[in-house]
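See structure below.
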Amino acid sequence: MRFVLAILAFAAAAVLVGFGIAQRTVFLEPDRVSLGTVVENQASYTVLTPEALAANPGKQTITVSGGGAVYLAYGRTDDVLNWIGDDPYVSVGYDGEAGELTSEVIVAQPVDDSTPTTPATEEPEVAEESEDAEAEPDPAASPAGSDLWLDEFTGDRTLTTTVDVPEGITVLISSDGTAPAPGRIVVAWPLDNATPWAGPLIAGGALLFLVGIVLVISGVFAHRRSRGPRRNLPKGPKGKLMRAPRPQRSQRAALGSGGSGRSTGRARRIALLPVLLVPAIALSACSADYWPDLTSAPETTAPATPVETAAEGEEAEPIEPAAPEVVPAVTVPQMERIMRRIAVFTTEVDADADSQRLAERFTGPALEARNANYAIRKSLPDHASLPAIPASPLTLTLPQQVTGWPRTVLTIAKNNDDETVAPTALVLRQESPRENYKVLYATALVPDADVPEVAPASIGAPPINPEFKGLIMPTGQVAPAYADVLLKGDESEFAQFFDPEGDVIRQQLGVEGQKAIADDLPDTADVAFSNAPGDSPTVALATNDSGALVTVSITQTEKVTPNDGGTIGFKEGQPGAALSGFDEKSAKGVEREIGIQLMFYVPAVGSDEQIRLLGWSESLIGASEVK
């Protein structure tokens, strides 16, 4: 009976294991689904719309092929379309009924209605170039390196990348912005081809196989015990039986290798077989795709929110449209990429004192300060350069809530390489979609700067109008008011609005600093100071407590004139002489301009706090003979 049960166990084990293996081989479903298209309309840009990317759930594996360089980037749909602007492009969408990708050429409509437009289905006209003209790529037409993208990739002829983009994200494909974009596009999505019963079937078959082996072994031993005579031996006189001759050693060895010894060895080998086989089968089914997932909780459907309906005879109230979604200028990963680029760029141009390239990433007061520093260092190589811009970590990222351009972001970066260097507060500004972010303000935080809480980067902060009355001082008046405080000190009518504690700049460039400069001059010279708001825009972003972070600039002018009818000039070897190039004496006198960049916290109306200085920087930005 044991042998019959063993045979049945072996048969069942073979069926279970075979069916389990078949689920992972013969009956295995594909692990992905893909859609492809060949774009025949050779525009410079191709756009994969959110509908095409969301044709199937899951991560998108995008493969783009062409005859040359391949470039792929993705970003917010509005950012991609604004970057393309009026240039024609191919839009790749998704036809849900046909289950395939579609493509059409999109051409911006001209402003003048009298001008004929190119139909969306026609290829854009390309101007014929003369044979002698050299076709050089236009750098402005290349999307590579734009700060708008969340990420970008490049390849040669073929590019494959896997992304996981949420709703509202568009993929931009191009070559160099001038040549036609690559035309072969394939998008693939993963499919769940897990076989949760393959593991239990294989394991169950292995267990039945083990049971069959046990039944065979137990049957063999039972059969051996049942062998022997089945009748009683006849009774006879009890005598001493003759002893059989004792075999020789060689005979004993021969006997040991056979008989019951062979049976024992066979039993051991049979017992060893499942020990080797079962782990091998178990290891083949150790993947998570082979087993049911018992860890995930069952999905529950939340009860629907009851909808109030109007009673009979009553008019239903009109449904108010939903408020537009608030979109910050940048995301944190995007800002980290921008800061890495700016940090590397700044290191390179600072080392070369390259004022021509500097304008690619700097503007306003930050550009003036570095340009002047480069000019001084050309004449005075030992003159200190301005502090480097750290790339990370970003301890604060506050993007402006945007509706268009220009866009502004405030960030604070800490220098991990040198703990003695104060964190740097930067205000970056992007004037248009095809321009990158440029550093507008760069200030060092004051010691123990108390930066108020702000909204998370995923929400951003609304910009505050310079005339907004909800603060203890409108942001448009902060720069002229503080300029007056620097000039007059406590005698200024605005001194009561500013917290003097921790304000070191009032000691260096305020009344005390001005007196120290006047005391250093000879008796034959007089000095006059004047302060004025800078030409740069005031940047104000809201904080969580209804206050504002305000960044402004001030220019302090220092005029030194002779009072005895003589002449005066810059001291030789000083930054003023190096920057102005004026190494003579003048009866008119000489003047210097100090650029001051400032970041304040301005409390809301009704607060008992004063305006607090958070960061500042000052540098010589101009020197010349008095005109």
Are there more than 12 heavy atoms of other residues, nucleotides or ligands under 6.0 Å from atom [atom1] of [X]?
X	atom1	result
E453	CD	no
D535	CG	no
D490	CG	no

Search all heavy atoms of [X] against all heavy atoms of [Y] and return the closest pair with its distance.
X	Y	value
I472	F497	O-CE2, 3.9 Å
R370	L386	CG-CD1, 3.5 Å
S146	R341	O-NH1, 3.3 Å
V605	L471	CG2-O, 3.1 Å
F494	F498	O-CD1, 3.2 Å
A442	V439	CB-CG1, 4.2 Å

Determine whether the aromatic ring centres of W83 and Y45 lie less than 6.0 Å apart. yes

Under the side chain to side chain donor-acceptor pair (under 3.5 Å) rule, what do N56 and Y94 come out as? Steps first, then yes or no, please. CA-CA 10 Å; N56 292 283; Y94 176 68; 5.5 Å; no

Inspect the contact between [Y] and [X] and indicate whether a charged nitrogen and a carboxylate oxygen are less than 4.0 angstrom apart.
X	Y	value
E435	R361	no
R434	D87	yes
E512	R506	no
K469	E467	no

For T443 and S617, does a side-chain donor sit closer than 3.5 Å to a side-chain acceptor? no

Pairs meeting criterion salt bridge (charged side-chain N to carboxylate O under 4.0 Å, His left out) with involvement of residues 615-627, two or more places apart: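 Checked against salt bridge (charged side-chain N to carboxylate O under 4.0 Å, His left out) - neighbours excluded - no pair reaches residues 615-627.
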
Tested for side chain to side chain donor-acceptor pair (under 3.5 Å) against Y374, the lone hit among D350, D352, D354 is D350

Separation of I376 CD1 from H383 NE2 (nearest 0.5 Å): 4.5 Å

Roughly how far apart are T543 OG1 and I464 CD1, rounded to 0.5 Å? 7.0 Å

Passing option when L48 is tested against V165, T170, I62 for side chain to side chain contact (heavy atoms under 4.5 Å, CB included):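 Of the listed options, the one satisfying the test is I62.
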
